[in-house]
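Contents: one structure, followed by commentary.
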Amino acid sequence: MRWTQTLIPTMKETPEGAEIPSHVLMLRAGLVGQLMAGAYTYLPLGLRSLRKAEAIVRQEMNAAGAVELLMPALTPLSLWEQTGRVEAFGDVLIQFSVRRQNRKVPMALGPTHEEVITDLVSRHVSSYRQMPITLYQIQTKFRNEERPRFGVLRTSEFLMKDAYSFDTSVESLGRSYEKMYAAYCKIFERCGLVYMPVEAESGPIGGDASHEFMIPADNGEDVIVCCAQCSYAANLEKAEIGARGGRASDEPLQALAQVATPEASTIEQVTRFLKCQPQQMIKTLIYVADGKPIAVLVRGDHEANENKIRRAAGASKVALAPPEIIQQVTGAPVGFAGPVKLRQPIPIYADEDVRIIRNGVTGANQADTHLTGVNLERDYQVQTFADLRNAAAGDPCPRCSGRLVQRHAIEAGHVFKLGTKYSEALSARFLDAQERLNPIIMGCYGIGINRILASLIETNYDNAGILWPVALAPYEVCLVPVNVADAESARVAQEMHDALIAAGVDVLLDDRDVRAGVKFKDADLIGFPLRVVIGERGLKQGKLEIKWRWEEKAEMLDLAGATERIAQLIAAERSSGERFRARRSG
RNA sequence: CGGGGCGUAGCUCAGCCUGGCUUAGAGCGCUUGGUUCGGGACCAAGAGGUCGGAGGUUCGAAUCCUCUCGCCCCGACCA
């Protein structure tokens, strides 16, 4: 391709509104253009990279035995009603009606395709002999995000690879899951990403039923927790906490005292007002668990974890109680709840760390009032102690003696053992060898293709621009004739361009009649892995210059045989990614 | 949904507080001519705007007021 024949709108300045590196660079390098919040055009260069990521995903899916199909993005709303997901998705589901003659047809744009694929499979799969099978598609998904942000990291329309496995037993599902897990590792590896599979909240199957593939990045929206010593890693919602080693301080017990704390309803306000540490505070949260209010106690500097609370309470659904319920249960407005003398007797659950708070501070169940010198057993009782909070940096690892650390990360993929949720709701059943009818056991596996690009850029750039691995670069080689007005340079460049294409190399010829500096800056900004410079001076000596984007030094190459040499270099790097990875450790 | 910020040329912005010396500006980009030519050149001449939109205040509004739309950030939410 010649530069002058395509559209590459690079920008010198950072467009207003772009903040994180991947967004800034994708706009500046002319990869994408924004149409509206959460919707981006993939320009010629961006599309090439997107297609490369897509191709890698497709190859590995096929290699893992998954079979590609393509489902419509347009779906009948009734399908989502059958599984209760119209409500579950809420406003995220883009739904509308179209008029057809004298009737209205309610539809939704697919945010994911469990319903559609399960419906399909229920029609065509009815015997255990037809399984296991894993089907996948690569298709645009629609989600009306409450708040699209971070450029292409969170958009209302995005390209997703979604795969679904169908098995006859939990053991067989485990094998299907393992295959996808392994394929994901290969995919992220081939894309040149540093990734981390972490344990995620799992559904009905339990155990190791769900993993997220995370790309550690400062601007990631997710928080993952991992052990500094062993390989334990989980997302924040899931992360377990090892045995708490803390001991209560041995300061003398204080008397229970009531203090006025006008207008101080948050932990921060109270600690400032009473000049105490958040670690001394007993945060009391009123939740509604399956319709019944419960009190949950966590240390002031800790965050409650709803999933853990739900499990501890043995409930199927928990949510923070609305203000009316809080008023009713505690007798005080929000912000002054405490475990001592609640107005209504409700079960009290406490996080392990609350056990050792001596002379704590907590709400007095009375407006603008807190209690100090609060001690367990003497002043209040706890029904159940459990791990009820999010893991924090420095917490003990649940698997070894190490400590946990927190990191931000971008979720690029997710594998999940679904079980029979959708097959039961949509009657996808099969007959086993004993002629018994069973629901099909499913798994689902997603990869955000756009996120592969965004997270790659987010973690691979320098002051000059993007650093692409050969595997995903829009073009592998950028040919730069320094002076296109020079007939010899132009001729050599054109010949080399044609020869490289014939050799199967993705090459872009920068045939613009602009100064060399402009071309170099643009080549660095876009980040083509290999730059080949054809200059008059070099040509006189029968040489040209090659330079890897992520390496410091350029190298002179004999013009004779240069094409073959470049094709070799690219082919080697394409399959191994060695030089790109070496840059990271170097 | 709560809090904050921003909308002026294709892009980045100044002007707004204190309304009129603006016939709306600068830099970059674009067009034309010339000089340059291996790290975002220089000179000259141009093209390009209903100052996001609507209403209001005023002799007069980019500037003040009201409403509205859009975009960005933080939080809440997130299969």
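Here is the naming used below: chain letters follow the sequence lines, and residue numbers restart at 1 for every chain. Predicted model only: the values in this text are computed from it and were never measured.
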Taking B:C72, B:G40, B:G38 as options, the one with an atom nearest any side-chain atom of A:Val518 is B:G40
Can you find a side chain N or O atom of A:Arg515 that sits less than 4.0 Å from OP1 or OP2 on B:A41? yes
Please report whether the ring centroid of A:Tyr195 lies less than 6.0 Å from that of A:Tyr184. no
*asked:* Is it the case that the base of B:G40 and the side chain of A:Asp522 share a donor-acceptor contact (distance under 3.5 Å, atom types as modelled)?
replied: yes
Here the distance between atom C1' of B:G52 and atom CD of A:Glu16, to the nearest Å, is 12 Å
CD of A:Glu87: more than 12 outside heavy atoms within 6.0 angstrom? no
The side-chain hydrogen bond (donor to acceptor under 3.5 Å, both in side chains) partner of A:Asn235 among A:Glu212, A:His211, A:Glu199 is A:Glu212
Point to revise | Any A:Arg149 side-chain nitrogen or oxygen under 4.0 Å from OP1 or OP2 of B:C71 | key: no
Here the distance between atom P of B:G5 and atom CD of A:Glu19, to the nearest Å, is 15 Å
### Query
Taking the six-membered ring for Trp, is the centroid-to-centroid distance between A:His113 and A:Tyr422 below 6.0 Å?
no
Applying side chain to side chain contact (heavy atoms under 4.5 Å, CB included) to A:Glu13 and not counting sequence neighbours gives none
Please classify the nucleic acid contact of A:Glu114 as base, sugar-phosphate, or nothing, using heavy-atom distances under 4.0 Å. nothing
Next on the checklist: When the C1' atoms of B:G29 and B:C72 are compared, how many Å lie between them, rounded to an integer?
Outcome noted: 24 Å
Side-chain contact check for A:Phe150: nearest option of B:C73, B:G40, B:C72 is B:C73
Can you check whether A:Arg147 has a side-chain N or O nearer than 4.0 Å to OP1 or OP2 of B:C1?
no
Classified by glycosidic angle (syn within 90° of 0, else anti), B:C21 comes out syn
A:Ile546 CD1 to B:G38 C1', in whole Å, measures 17 Å
Taking B:C72, B:G39, B:C11 as options, the one with an atom nearest any side-chain atom of A:Glu13 is B:C11
Any donor-acceptor pair, under 3.5 Å, between the side chain of A:Glu545 and the base of B:G38, if you only look at N and O atoms? yes
